[in-house]
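Report on the following structure.
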Amino acid sequence: MFIKAFQRSIGLMQATMLLLASLIVGLSLSAFQIYSVYQQQQQDINEKTRTIIGLSEGGATNAAWALDTRLANEVLQGIIEQPGIKQVEINATLRNENQQLLARLDKEQPDYSALSQWVAQLFFTEKLTLITELTIVNQQQPLKVGTLRVEFDSVHEAEKFVRASMTSLGIILLEALLIGLILFFISQWFITSPISRAAATIEKVDPDELHIDDQKIHVPTMHKVDELGHLLEHTNQLLDRLKISQSKLRHLATKDPLTGLANRTLIKEFLANMIATAQRTSGMVAVIFIDLDRFKHINDTLGHDMGDKLLKYVSIALLRQIRDQDAVGRLGGDEFLLVMPTKAITDVVGMAERILQVLSKTITIDSYELKVNASLGIALYPNDGDNADTLMRCADLAMYKAKEHKTSQWHLFSEEMKLKVEESLALETALSGAIRHHELEVFLQPQYSVEGMRLAACEALLRWRNNGEYIPPQKFIAVAELTGLIGEIGLWVLTETCRIIQRWGDQAIPISVNVSGQQLADESFVNDAIDIVQHYAINPTMIEFEITETMLMQDLDKSFDRLTRLRDKGFRISIDDFGTGYSSLSYLTQLPIDALKIDRSFVSGSEQSSVVLDTIIALGKALGIHVVAEGVETEQQKLALIENGCDLLQGYLLGRPMPVAQFETDCLGFTETGNLVIEGLATQTK
Ligand code: C2E
Ligand code: MG
Ligand code: MG
């Protein structure tokens, strides 16, 4: 644990290192000091010896010469009183050279510590007994009269040495410790703390929030010009550069390149922030979804350049309406979103009215006088939802409600609409598992040729059985488109259709497959379709892709390119629900299509719509393509369509959409053994 803390903290590491270094230096110094003490003590012993000899040599010599025991004892008494002397004796040298002990004195030993005794044994063994020869000069000849023997107390000396050494060691260690501590505090204050503070600031730097200015690292005044100051300055410069490149990236990623307004991501972020603030302040947020009414028409007739200019004009007009606290963004195409914190619904309605008024003015662009109207959908936080996604969805739905009116309108999201949103969210979850759980099924609806009412083709219509009940395609196809699931679902329908055609073999009739605009917008759709028909070895002419007129017109250039590629591969193409969109005649002549499917409303409609019906049939004839009527429900309608020259008829009168097995027996005439009897053709095959 200590090692981990040590590795993580420069301060701790530095303190330990300084302490170790000062200890090493301190110990080396005290070794030297102790050695000096030892030497000094040796010198002291020598000094003391000389003093003893100097003081007592005369008396001792006289005592030995006169064999005076009393004098000898007096001299010895003087010596033994000196500290550190253990034993003293005077021996007299007799005429026969023999030695005679004249006097001896011993001093009682105190209780020495074990350490002192040990040190004495190690270092104080030599030179601790001094024997001095006592001589007189007789007839100018030195005459030895005796000896003076002084035995020093080695343990006493050792104890003095130990005491002195301990004191010196203690002082030096304390000194080293103090220096270590002082150095530690200085470096802590001068280097480690500024680094730690800088590290803490850098740690707090959030790369995603670099626009916040207080994330600059403080450079302490005392470090302004030193290495640490340079390091911190450079880090600040790097952060600045990062901020600039991040804001550039942010701009690119969050701004709509055409109008410079916030894009979907950014406006959603603004909305989420406003909701968060409103949550804290118990406020309200309004979301206004703005859709231009005739933009597609202007774009198609006057060109994209004009369309772009118009969008720029609208974005400037919207920006002029908003307050500082509001935000406006472009979601794509001709859809804009305005988000505003508000206190009263009347303010929001006021804003909606102003926008409608501004946009309804006639504007002049490149000498063209244009008039765009808009439809506005309004949703409110907290009434309609508590998150950006839900509120945007609600405002979108409200906008569709506004669009139902002929004139420019705003529409508030209602309770009833709220239920719709909740339902679509629930559907979205359920639909994501539909293929995996085998809940999808293809139904077939027959199409009859007016010539002899012969079964000529059929349309594949998707069915979803969820929890035992069928959910109508109008409901779930929209959800699938909204969530992007339509791609996977569409390919599943095509695969099922190919399998059916493969099973029918020689008796196969063409099957129409509905394609959503979103599928067509997907780059990989054409290749996926080709792969699937190749996989089942199906002739592409057996598949007719139906694309609704409204979808087709949404991105005509792309649709045109993809439909051409599909048609070149042999697939047939028809325009579904024809008459409900805004196809211009010039496009119709260029589009690679094989058939027009007249929308049901014209087949079952009034006299007025029967005029449209006649016109569409005539148009088909003029273009040299087939005309299919859908929604034929009565005998009367059937006869009228035949009379008018329609080519194919489809409707409840002739056959409802039905499960494949039923279609095979009821329409294709498969018997249980696999016999096929097609009405009118009267063929019988295996
Ligand atoms: P649609 O392609 O126009 O299909 C014709 C619709 O009219 C079908 O509704 C059909 O059941 C209904 N219909 C046919 N004859 C009559 C009639 O005589 N009277 C009446 N009242 N209705 C008739 P359905 O099956 O509910 O499909 C609705 C729409 O859902 C389709 O309209 C099509 O746009 C879409 N759809 C269905 N299946 C798919 C699919 O696999 N992919 C895609 N993208 N859309 C699909
Ligand atoms: Mg269809
Ligand atoms: Mg249709």
Side-chain angles (χ1 to χ4, degrees), residues 427 431 434-435 439-448 457-465 469-498 500 510-522 525 528-529 532 543-552 554 559 572-581 593-605 613 616 626-638 640-641 646 648-660 662-663 667:
L427 271 185
L431 190 59
I435 296 184
E439 292 173 0
L440 296 181
E441 203 178 320
V442 165
F443 271 37
L444 296 175
Q445 186 178 26
Q447 293 174 345
Y448 289 91
C458 61
E459 179 175 4
L461 291 161
L462 189 56
R463 295 292 177 263
W464 176 24
R465 195 205 295 262
E469 62 172 293
Y470 278 113
I471 298 172
Q474 282 98 330
K475 234 181 185 179
F476 73 83
I477 294 287
V479 175
E481 283 175 341
L482 218 65
T483 53
L485 283 168
I486 191 69
E488 194 188 345
I489 291 178
L491 291 180
W492 181 85
V493 173
L494 182 59
T495 309
E496 282 302 302
T497 307
C498 287
I500 294 168
I511 303 184
S512 300
V513 174
N514 291 285
V515 174
S516 133
Q518 272 208 11
Q519 279 175 272
L520 205 60
D522 184 352
F525 174 69
D528 288 344
I532 294 172
I543 306 279
E544 180 165 306
F545 287 125
E546 288 187 11
I547 172 136
T548 61
E549 190 183 11
T550 351
M551 292 288 187
L552 190 64
Q554 262 173 25
S559 309
R572 289 166 55 83
I573 313 287
S574 64
I575 303 186
D576 204 355
D577 302 345
F578 189 76
T580 53
I593 44 172
D594 300 280
L596 293 180
K597 285 191 82 176
I598 311 171
D599 190 64
R600 203 169 60 227
S601 57
F602 300 111
V603 174
S604 60
L613 189 86
I616 295 174
H626 279 106
V627 178
V628 187
E630 55 182 12
V632 186
E633 290 182 343
T634 63
E635 197 63 37
Q636 204 183 350
Q637 289 166 357
K638 177 181 139 187
L641 287 161
C646 210
L648 289 174
L649 304 180
Q650 176 183 351
Y652 290 173
L653 177 74
L654 305 157
R656 285 180 177 257
M658 57 191 99
V660 178
Q662 188 188 342
F663 185 88
C667 300

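Counting convention: from 1, in listed order, for ligands and their atoms alike. For this chain, numbers begin at 1 and follow the sequence in order.
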Could you work out, for atom 25 (O) of ligand 1, the closest of Arg463, Gln474, Gln445, Glu481 by heavy-atom distance? Arg463
Reported CG-to-CD1 distance for the pair Leu440 and Ile435, which is rounded to 0.5 angstrom: 5.5 Å
Pro657 and ligand 1 - part of the residue with a heavy-atom distance under 4.0 Å: side chain
Between Ile511 and Val442, is any pair of side-chain heavy atoms under 4.5 Å apart? no
Out of Glu630, Arg600, Gln650, Arg656, who is nearest to atom 12 (C) of ligand 1 when you count heavy atoms only? Arg600
Within 4.0 Å of some non-hydrogen atom of Glu633, the atoms of ligand 1 are 17 (C), 18 (O), 19 (N), 20 (C), 21 (N)
How close does the nearest protein non-hydrogen atom get to atom 1 (P) of ligand 1, and which residue and atom is it? Asp576 OD2, 3.6 Å
Is any side-chain heavy atom of Leu653 closer than 4.5 Å to one of Glu635? yes
Please list, chain by chain and in numerical order, all residues satisfying salt bridge (charged side-chain N to carboxylate O under 4.0 Å, His left out) with Arg572, sequence neighbours excluded. Glu544
Could you list the atoms of ligand 1 found under 4.0 angstrom from a heavy atom of Glu459? 1 (P), 2 (O), 4 (O)
Give me the residue, atom name and distance of the protein heavy atom closest to atom 44 (N) of ligand 1. Ser516 N, 3.5 Å
What is the closest protein heavy atom to atom 29 (C) of ligand 1, and at what distance does it sit? Pro473 CB, 4.3 Å
Determine, using heavy atoms of Gly490 and all atoms of ligand 1, whether some pair is separated by less than 4.0 Å. no
Flag this pair as yes if the NZ/CZ of Arg463 is under 6.0 angstrom from the six-membered ring centre of Tyr470 and inside a 45 degree cone about the axis; otherwise no. no
For ligand 1, is any non-hydrogen atom under 4.0 Å from Leu462's backbone (N, CA, C, O), its side chain (CB onward), both, or neither? both
Close side-chain approach of Cys667 and Tyr448, heavy atoms under 4.5 Å: yes
Is any side-chain heavy atom of Ile543 closer than 4.5 Å to a side-chain heavy atom of Cys498? yes
Enumerate the atoms of ligand 1 whose separation from the nearest heavy atom of Val493 is less than 4.0 angstrom. 41 (O)
Do Val628 and Phe578 come within less than 4.5 Å of each other through their side chains, counting heavy atoms only? no
Could you pull out the atom name of the N/O/S atom in Glu459 that is nearest the Mg ion (ligand 2)? OE2
Partner set under ring-ring contact (aromatic ring centres under 6.0 Å, His included) for Phe545, not counting sequence neighbours: Phe525, Phe571
Within the distance-only criterion (no hydrogens, no angle test), does the side chain of Gln518 pair as donor or acceptor with the backbone N or O of Glu481 below 3.5 angstrom? yes
All heavy atoms of Gly655 vs all of Gln445, minimum pair found to be O-NE2, 3.1 Å
Short N or O distance, Asn514 and ligand 1, threshold 3.5 Å exclusive: yes
For atom 32 (O) of ligand 1, is the nearest protein heavy atom closer than 4.0 Å? no
Rounded to the nearest 0.5 Å, what's the gap from CD on Glu633 to CG on Leu654? Could you check? 11.0 Å
Shortest protein heavy-atom distance from atom 18 (O) of ligand 1, along with the residue and atom involved: Tyr652 N, 2.8 Å
Does Pro657 reach the side chain of Tyr652, with side-chain heavy atoms less than 4.5 Å apart? yes
Metal site the Mg ion (ligand 3), protein N/O/S atoms found under 2.8 Å: 4
Just to confirm, does any protein heavy atom lie below 4.0 Å from atom 9 (O) of ligand 1? no
As an exercise, identify every atom of ligand 1 less than 4.0 angstrom from a heavy atom of Glu546. 2 (O)
May I ask you to test the Val627-Cys646 pair for a side-chain heavy-atom distance under 4.5 Å? yes
State which residues pass side-chain contact (heavy atoms from CB on, under 4.5 Å) with Glu630; sequence neighbours excluded, sorted by chain then number. Glu459, Asp576, Asp577, Lys597, Asp599, Gln650
Contact partition for Asp577 relative to ligand 1, non-hydrogen atoms under 4.0 Å: side chain
